[in-house]
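Read through the structure below, which is laid out as structure tokens, and then see the notes.
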Amino acid sequence: MNMKRTLVKEALGRESPMESILVKGWVRTRRDSKTFSFVEINDGSCLKNIQIVVDASLPAYAEIGKVTTGAAVSVSGELAASQGKGQKWEIQASNIEVYGTSDETYPLQKKGHSLEYLREIAHLRPRSNLFGCVFRVRNRLAFAVHQFFQQKDFIYVHTPLITANDCEGAGELFRVSSLDLKNLPRQEENGEIDFSKDFFARPTYLTVSGQLEAEIFATAFSNVYTFGPTFRAENSHTSRHASEFWMIEPEMAFCDLEGNMDLAEEIVKYLVGDILDNCQDDLSLFSRFVDKGLLDRLQFVRERPFKRVPYTEAMEILQKSGKKFEYPAEYGANLQSEHERFLSEDHFRCPVTVYDFPKEIKPFYMRSNDDGKTVGAMDLLVPKIGEIVGGSQREERYDVLAENLKRHGLDEKEYWWYLELRQYGTVEHSGFGLGFERMLMFVTGIANIRDVIPFARTPGNAEF
RNA sequence: UGCUCGGUAGCUCAGCGGUAGAGCAGGUGGCUGUUAACCACUUUGUCGCAGGUUCGAAUCCUGCCCGAGCAGCCA
């Protein structure tokens, strides 16, 4: 007979016992008694393990020595109310079969491990409690992103990962090439590398943003979003930067900066609320072991309105704060990490959207305001993490955009199609980038971006 | 890339000039409807690598490698 396997999540959520049940998973721990053993099994479907009672009178008990932490097993038996405290259900085993054994060298012993150590065993850490929670929440968060936009009839667009755009000013790029590094073709005139011989007949890179292409789709579908990987070759060693990360980039036609800020705040609240409603068990582990204030902060973010403040006013707040900053808060300067943290953690004590930044510190595509000094940019800052959203209203006026390209030293010809969007049926439009991993850090309380990515890519690290 | 901190048993860490320790994990025995089980006993080390100082270096110095934090860049 072929019995259907039941997931641990489903078994533990049962209202009634089951005469026969089959579960499969990995052994977390075993406790032996004289006449029976307790075995706890986890299959990743939820944080909790299911307790198996294996009586010494069973034929299979002869093999109980193989049922060690880390082993893959299959258990059949009866789902019954537990006689002990601590769990509602347990399985009285009639048979237990070991698929793959494990031994004392198994790196994930049933003791707390440091995050740094677990990072070094990225092939096994998903089997730990903490990372099980992280990646279940990651899954749910990705689902919620799509749900949010689909409910609003945004069109999901797949923008290219390989791009010829190298001058967005957004950090270093990874080059994509199929040229033989040991035998590079050279231009006769100047000896420089001849990229016309390369695969795409031009220099190409991994994308740092799908925004420009998303703008194309927004001027056809009105409301669109991208959700995919992006790449930055910056040599950053911080807890919030990775070389490969996922970004969510909505782009909306017929939408100004205010509508853009509305959407940014709405999605942050929505995602927080969705995780609060659907990942309670996982969140409870984070709030116990990672960040005691997590649940309060998430509730707060879901319920309370965010603050909104123009850049100029933000600078005044920083100047009047009397606080000594390493980098002085002066008009024309970028908001430093310490400034962002002061605004969201000390002054407003909630998420803050700063908008209307000096044009000198922002990219060419942002829309010039009538004051001639600022552009319609916005950053959404959250406590502990800082910038989680960065966006702007895009310059939709052909002449102004062409002038901006010139001012930034960029070649109009390279942006011919971007300019043509302003030549044919141009319209005000806006969008932003939401860092998926930063959102996940915010929602889980995990402090290091390397611990919310299954296999993190950072400078010098791409093993798994 | 700059500054700071760190690398000692499988893991977490103590030792900081006199020749290597604890807790946990593992092993053995006992006990128990147990639940990060408990009790007793017990195994384990190129002290990151390479030089140097010293009678003697895990300990001090130099270089290198690796990791972490902060800053810049940004999401």
Side-chain angles (χ1 to χ4, degrees), chain A residues 28-40 48-55 65 68-70 80-87 90 92 102-121 128-129 168-172 208-211 227 229-249 264 288-289 325-327 333-341 361-363 379-382 385-391 432-442 447-453 458-461 463:
Chain A
R28 283 296 175 80
T29 177
R30 188 185 88 219
R31 296 177 292 275
D32 295 326
S33 186
K34 201 165 227 165
T35 56
F36 54 90
S37 293
F38 295 106
V39 180
E40 288 196 34
K48 291 196 182 80
N49 306 324
I50 193 159
Q51 174 165 291
I52 315 291
V53 183
V54 189
D55 198 274
T68 57
T69 301
S82 177
Q83 296 167 34
K85 288 176 183 144
Q87 60 279 317
E90 65 187 14
Q92 297 287 341
S102 184
D103 61 25
E104 72 280 0
T105 64
Y106 182 55
L108 261 187
Q109 289 300 334
K110 54 183 176 189
K111 189 65 190 172
H113 295 287
S114 69
L115 294 173
E116 287 84 359
Y117 171 67
L118 290 168
R119 250 171 244 157
E120 290 166 12
I121 50 166
S128 67
N129 283 335
E168 279 172 61
E172 302 281 313
V208 293
S209 164
Q211 179 200 318
F227 182 17
T230 47
F231 306 88
R232 306 272 166 97
E234 282 292 325
N235 191 15
S236 313
H237 283 98
T238 83
S239 54
R240 6 179 251 297
H241 291 86
S243 314
E244 177 182 306
F245 63 97
W246 283 57
M247 192 155 59
I248 298 139
E249 297 181 285
R288 264 181 294 154
F289 298 117
F325 293 108
E326 194 184 334
Y327 295 85
N334 262 310
L335 279 183
Q336 305 293 325
S337 286
E338 55 179 344
H339 301 151
E340 294 177 353
R341 296 191 62 151
I361 57 174
K362 290 294 179 186
D379 284 354
L380 174 51
L381 315 175
V382 297
I385 294 178
E387 185 180 341
I388 199 165
V389 168
F432 59 80
L434 167 64
F436 182 64
E437 281 81 9
R438 291 205 179 157
M439 190 68 212
L440 192 52
M441 290 165 75
F442 184 65
N448 196 311
I449 198 166
R450 298 172 184 92
D451 297 326
V452 297
I453 301 179
T458 52
N461 194 337
E463 182 162 20

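Both backbone and side-chain heavy atoms feed into the values below; hydrogens, waters and symmetry mates do not. Only a predicted model underlies this, so the values are computations on that prediction, with no experimental measurement involved. Chain letters run A, B, ... following the sequence lines, proteins first and then strands; every chain starts at 1.
Between A:R240 and B:rC73 there is no side-chain polar atom (N or O) within less than 4.0 angstrom of OP1 or OP2. For the pair A:S239 and B:rC70, the criterion of a side-chain N or O lying under 4.0 Å from OP1 or OP2 is met. In this structure, A:T238 does not reach the B:rC73 phosphate: none of its side-chain N or O atoms is under 4.0 Å from OP1 or OP2. Between A:R450 and the phosphate of B:rG69, there is a side-chain N or O to OP1/OP2 separation shorter than 4.0 Å. OP1 or OP2 of B:rG69 has at least one side-chain nitrogen or oxygen of A:N448 nearer than 4.0 Å.
For the C1' atoms, the distance linking B:rG27 with B:rC70 amounts to 44 Å, nearest Å.
Along RNA chain B, the nucleotide nearest A:S114 and the nucleotide nearest A:T69 are compared for position; the residue whose nucleotide lies closer to the 5' end is A:S114.
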Take A:N129 and A:R28 through the side chain to side chain donor-acceptor pair (under 3.5 Å) test and state the conclusion after the steps. CA-CA 10 Å; A:N129 283 335; A:R28 283 296 175 80; 2.6 Å; yes

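Atom CG of A:D103 is separated from atom C1' of B:rG27 by 13 Å (rounded to the nearest Å).
In this structure, A:F36 forms no aromatic stack with the base of B:rG33, since the conditions of centre separation below 5.5 Å and plane angle below 30° are not both met.
Side-chain atoms of A:Q87 and base atoms of B:rU34 include a donor and an acceptor less than 3.5 Å apart.
Looking at A:E40 and A:R31, a side-chain N of the basic residue comes within less than 4.0 Å of a carboxylate O on the acidic one, giving a salt bridge.
With hydrogens and angles disregarded, a donor-acceptor distance shorter than 3.5 Å links the side chain of A:E338 to the backbone of A:E326.
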Report, one pair per line, the protein and nucleotides 37-41 of chain B atoms (nitrogen or oxygen only) whose separation is under 3.5 Å.
{"unit_1": "B:rA37", "atom_1": "OP2", "unit_2": "A:R31", "atom_2": "NH1", "d": "3.0"}

